[in-house]
Amino acid sequence: MTTSLTFSDPHQQGGGLDRRKILTGAAALAASAVTMKTASAASVAPLGQTAAPTTASPPLPLGPLTGARYPDARLESMKKPKVSFGPTGFPAFAGTMAVERVATGFRWAEGPVYFPAGRYVLFSDIPNNRIMRFSEDDGHLSVYRQPSMNSNGNTIDREGRLITCEHSGRRVTRTELDGSITIIADKYNGKKLNSPNDAVVAADGSIWFCDPAYGIGGFYEGIKADAEQDKKNVFRVDPKSGDIKMVVDDFVQPNGLCFSPDEKKLYICDTGFTDGPDNPSHIRVFDVDLAAGKLSNSKVFADMPKPSITDGLRCDREGRLWCSVGWGDPNEDGVRCYTADGDLLGKIHIPETVANLCFGGQQRNRLYICGSSSLYAVYTSAQGAMKP
């Protein structure tokens, strides 16, 4: 559309060109030009490292891992088997199945979450600053969001919306059903959060998240910055008011977290061992008062074999806790499964450091495992609680 230029008739009253107005307008335009020049000279930091494909070597092969057979030797039961068919007493065994690599080509896969309505898994590729999507029905892999503000942990709320912890954003966000993004939390007591890492959503809609400092420690998984929070806390966001409350402040580095199926317990990893050999590498468990938004009676649920750490947790419907293991002895890389009493039932061995995991599949019996450069999957005889 073209707008025509109209000149006023200088002979009409009040229609002549006003020299003072012209000079005033010229001055305004000049000032505007200076402002625009100043603005154009301003710069902002990039939103984290953006995907640089790993092209130095061929991608890892997809499908069942090399040497897989039934039963898969990568499933190790800690209970003495009564029969030879499968790892008795360990619910990872589901018959004719084996650990599979379903997607590969990432720098650091983390934060998986399953969306039942779409039959897909979303997970973060943190250094490549993107969220990936693996479609379960046809095995298609695609980029869901880039840049993702170096997203880490993801979960889903009871309305089917994506909740994401962002390192370089230093915030927790919600992706609305129309695709818009709402900031849930980015400050506490007027100061920036460190780098939210993982989150869960309770039945009442409250969002619980941890805030270690990993995302501000350098430029690989976020943007290097000074911590503004005095401690590495665990927070709760009220579902009605949106107020943020600190619920635990005595972690060295709080990491993955998970509710028990009845939401009477909250499990939280402490990966403080990454900061020093005398720091913890364990899972703590708390009693939950959901109505009051409080935690109490902290105790160590399970210790990890140092130098390994665990930073991702999920429960199944029977209350068993499944956790990631990595960064230490390669023989420990994978997944551990504990009873609700803290007894180790078994292990799933993965050929890479494992960061996180989630249950998926139409029957909630497929365990998706984020193992460094790849996404793995294995059918189990357990069903995920599917509580975020």
Side-chain angles (χ1 to χ4, degrees), residues 60-79 81 86-95 97-104 106-112 114 121 123-124 134 153 198 255-256 258 267 269-271 273-274 281-283 301-316 320-339 342-361 365-382 384:
L60 296 174
L62 302 182
L65 301 183
T66 303
R69 64 183 298 273
Y70 304 143
D72 193 341
R74 292 175 178 83
L75 307 181
E76 180 187 0
S77 177
M78 299 296 105
K79 304 299 179 181
T88 303
F90 179 29
F93 182 71
M97 47 63 66
V99 177
E100 303 169 75
R101 185 184 292 112
V102 297
T104 191
F106 320 113
R107 293 193 181 275
W108 181 237
E110 247 278 24
Y114 183 75
V121 182
F123 60 97
S124 298
F134 172 76
D198 205 359
N255 213 305
C258 172
Y267 301 93
C269 302
D270 194 335
T271 52
F273 179 73
T274 60
S281 175
H282 59 212
I283 303 169
F301 174 80
D303 281 301
M304 292 299 110
K306 292 180 178 179
S308 296
I309 61 172
T310 177
D311 63 356
L313 305 168
R314 290 295 188 278
C315 276
D316 64 27
R320 292 174 292 243
L321 184 71
W322 302 68
C323 68
S324 67
V325 182
W327 292 103
D329 182 352
N331 294 316
E332 295 292 343
D333 287 350
V335 175
R336 287 186 165 209
C337 177
Y338 291 90
T339 67
D343 295 329
L344 180 61
L345 284 174
K347 306 175 184 178
I348 302 174
H349 295 279
I350 300 295
E352 299 185 78
T353 280
V354 171
N356 216 323
L357 68 166
C358 74
F359 282 96
N365 65 334
R366 198 178 194 197
L367 189 65
Y368 286 99
I369 302 165
C370 283
S372 301
S373 70
S374 304
L375 179 68
Y376 297 84
V378 60
Y379 282 102
T380 73
S381 56

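Using a 4.5 Å heavy-atom cutoff, the side chains of D303 and K306 are not in contact. Between I283 and C323, some side-chain heavy-atom pair lies under the 4.5 Å cut-off. I348 places none of its side-chain heavy atoms less than 4.5 Å from the side chain of V354. The shortest distance between side-chain heavy atoms of T310 and R336 does not fall below 4.5 Å. In this structure, the side chains of I309 and M304 stay at 4.5 Å or more apart for every pair of heavy atoms. Side chains of D311 and S324 form a contact here, defined as non-hydrogen atoms less than 4.5 Å apart.
A distance below 6.0 Å separates the ring centres of W322 and F359. Here the two rings, on F123 and Y368, have centers that are 6.0 Å apart or farther.
L60 contributes atom CG, which lies 9.5 Å from atom CG of L65 (distance to the nearest 0.5 angstrom). Note that CZ of R314 and CG of L367 are 9.5 Å apart. Values are rounded to the nearest 0.5 Å. In this structure, the separation between NE2 on H349 and CG on L75 is 8.5 Å, given to the nearest 0.5 Å. Note that CH2 of W108 and OG of S124 are 12.0 Å apart. Values are rounded to the nearest 0.5 Å. Atom OH of Y379 sits about 15.0 Å away from atom CG of D72, to the nearest 0.5 Å. Rounding to the nearest 0.5 Å gives a distance of 11.0 Å between CD1 of I369 and CG of N356.
Formation of a donor-acceptor pair under 3.5 Å by the H282 side chain with backbone atoms of D270 is not found in this model. For the pair T353 (side chain) and W327 (backbone), a donor-acceptor distance under 3.5 Å is present.
Between E352 and S374, the shortest heavy-atom distance links the atoms OE2-OG, 3.2 Å. Among all heavy-atom pairs drawn from P61 and R101, the shortest one is O-NH1, 2.6 Å. T380 and P91 make their closest contact through CB-O, 3.5 Å (heavy atoms, listed as atom of the first residue, atom of the second, distance). Across V325 and S308, no two heavy atoms sit closer than the pair CG1-CB, 3.8 Å. Y114 and G361 make their closest contact through CZ-N, 3.2 Å (heavy atoms, listed as atom of the first residue, atom of the second, distance). What you find for G312 and C269 is that their closest heavy atoms are N-SG, 4.2 Å.
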*Could you go step by step and tell me if V378 and V335 meet the side chain to side chain contact (heavy atoms under 4.5 Å, CB included) rule?*
CA-CA 11 Å; V378 60; V335 175; over 6 Å; no
_side-chain hydrogen bond (donor to acceptor under 3.5 Å, both in side chains), that's the test. Do N255 and T271 meet it? Break it down for me._
CA-CA 6 Å; N255 213 305; T271 52; 3.0 Å; yes
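Aromatic ring orientation, Y267 versus F301: perpendicular (interplanar angle above 60°, classes split at 30° and 60°).
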